[in-house]
Amino acid sequence: MLKKLMAFLLIVSSGLYSDAFAAKAEGNFLPEQFPYKEMQIQVMPEFDYPENWPKEEPSLLVGQYGTLINKTGQDFSGKVEVPVPANEKNFEVYLVAEFPSDDKPEVQRPFEVDKERGVISFTPQNPIKKDADYKFVIEYYSNPIEVNEKKSFTYEYTAPAAIETLDVIVYAPLKSTDITLEPKPASTQKSDYGEQIAFYQVKAAGKGSKYKYIVSYKKDGNDSTLSMINKNKAPNDENHNGTSATDQLASNNGGSGGDNSRPIVGTAGGVIIGVSIIIAGMFVFFGLRNKQENRKNPPSSKKDKGSKAPQKPKMKPSNDEEIKELRKKLLNGKIDQESYDEQVKKLI
């Protein structure tokens, strides 16, 4: 009888242990167990507008491109949480997606916004393996911009966990003047369209570290940078190689809508704003992450929030270089969208 009782208790305790282990594997997201290998934040005032945005108000588009590491000691199948300013005026999530690998397009993930806690949560398509990297992107709109003699806003970021490398890139709106930034950026440069881009970099950001960027500029009206780019043909020169987010957007034909100054990104050759290819020129500037050059920038359309993005058909390996060359020609303005689409179809 004693032996049977001991055996029963052993079985029960084993079951409880297994349940506890499973619960932990799926468990709550603890930020300190998911340090970031890298985080790049793109801050883009008046870059684009979502549908049904109030016409009289400027928007701020922010993209967070993170690579976190699973340091829980086991595979993780729970929800990932990323802090966002969910209570800012007109806050609206545009995109939540993950990158299965560097050579594949992003895959959108269903998500939830907890305004009380100020986080977006989403479940990766597959469990994050122990000590493995997980790459994701979150893009959202809000309106913290104050309009007086100048337009101004403050962007603040608090590191949710330790970050090996934190990059912050601030795009001034096209045709803006009298641009001031605090603190002073490490470097600034202009795109071929004359858009000023400021670069910041922080090494070894600690959990809870706070960063504040104050931006002000003068600009008439609320036309978006994207709409102004779409009105002009891409610069036709050898240096315009399509390596920046702005360069990539030159290939977008825009969309149709009630307000032409606030286009909807089209499906034919359009790009999810700032997604997939992080500005290659920045990586040269920072001397970091050259591996990102191989990340593709897939066509996409504005989907219902949380829906899964369509996958691009796989290209034949032998045609990859030809596809890249065609893409460059499109971005350089040497061929139009229709020619690009026709030639790509022949290579798929």
Side-chain angles (χ1 to χ4, degrees), residues 39-55 57-66 80-99 105-115 118-124 135-145 153 155 157 168-171 173 222-227 229-230 244-246 248-249 251-259 261-279 295 297-310:
M39 168 60 81
Q40 184 184 96
I41 302 172
Q42 296 188 22
V43 181
M44 298 171 274
E46 299 187 63
F47 191 81
D48 185 41
Y49 291 90
E51 298 177 65
N52 302 317
W53 186 272
K55 292 183 179 181
E57 297 184 9
S59 75
L60 177 66
L61 174 61
V62 174
Q64 295 186 18
Y65 308 85
V80 171
E81 295 182 352
V82 180
V84 292
N87 288 311
E88 274 190 356
K89 182 181 178 182
N90 295 343
F91 178 83
E92 179 179 333
V93 179
Y94 173 65
L95 175 72
V96 175
E98 64 184 4
F99 299 100
E106 81 287 350
V107 176
Q108 293 188 39
R109 301 300 302 153
F111 62 87
E112 296 176 349
V113 178
D114 187 330
K115 287 196 171 185
V119 297
I120 287 178
S121 61
F122 57 96
T123 303
K135 299 179 181 180
F136 68 89
V137 55
I138 287 176
E139 297 183 342
Y140 61 85
Y141 294 96
S142 66
N143 179 18
I145 301 174
F153 68 94
Y155 174 75
Y157 180 74
V168 177
I169 300 93
V170 180
Y171 294 71
N222 293 330
D223 283 4
S224 69
T225 293
L226 180 55
S227 70
I229 289 174
N230 285 333
S244 76
T246 300
Q248 295 166 39
L249 287 165
S251 68
N252 175 30
N253 289 330
S256 60
D259 183 356
S261 70
R262 297 178 179 187
I264 300 170
V265 178
T267 57
V271 261
I272 291 179
I273 299 166
V275 82
S276 295
I277 298 179
I278 313 296
I279 301 174
R295 188 177 286 176
N297 200 19
S300 177
S301 62
K302 289 194 175 183
K303 292 291 193 179
D304 290 336
K305 310 236 181 348
S307 62
K308 184 176 180 180

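Expressed to the nearest 0.5 Å, how far CD of Glu112 lies from OG1 of Thr123 amounts to 8.0 Å. To the nearest 0.5 Å, the span separating OH on Tyr141 from CH2 on Trp53 amounts to 8.5 Å.
Side-chain contact, Glu106 with Gln108: no donor N or O sits under 3.5 Å from an acceptor N or O.
For the pair Met44 and Gly63, the tightest heavy-atom approach, listed with the atom from each and the gap, is CE-N, 4.3 Å. Nearest heavy atom pair, residue Tyr65 against residue Val137, reads CE2-CG2, 3.2 Å. Considering all non-hydrogen atoms of both residues, Leu61 and Glu139 come closest at CD1-CB, 4.5 Å. Contact between Pro45 and Ile145 at its shortest, heavy atoms only, is CB-CD1, 4.2 Å. Closest approach of Ser142 and Glu88 over heavy atoms only: OG-OE1, 2.6 Å. Contact record, Ile41 with Gln64: CG1-CG, 4.2 Å, taken as the closest heavy-atom pair.
Considering only heavy atoms from C-beta on, Phe153 stays 4.5 Å or farther from Asn143 through its side chain. Between Asn222 and Glu57 there is no side-chain heavy-atom pair separated by less than 4.5 Å. Counting only heavy atoms from C-beta outward, the side chains of Val93 and Phe111 approach each other to under 4.5 Å. Using a 4.5 Å heavy-atom threshold, the side chains of Tyr49 and Ser227 count as separate. Val113 is listed as a side-chain neighbour of Phe91, based on a closest heavy-atom distance under 4.5 Å. Put simply, the side chain of Pro124 reaches to within 4.5 Å of the side chain of Val80, judged on heavy atoms. Inter-residue side-chain proximity for Val82 and Phe122 is flagged as met; some heavy-atom pair is nearer than 4.5 Å. Taking the side chain as every heavy atom from C-beta outward, Asn90 and Glu92 never approach each other to under 4.5 Å.
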Val96 vs Phe136, test: side-chain contact (heavy atoms from CB on, under 4.5 Å). Steps then yes/no. CA-CA 8 Å; Val96 175; Phe136 68 89; over 6 Å; no
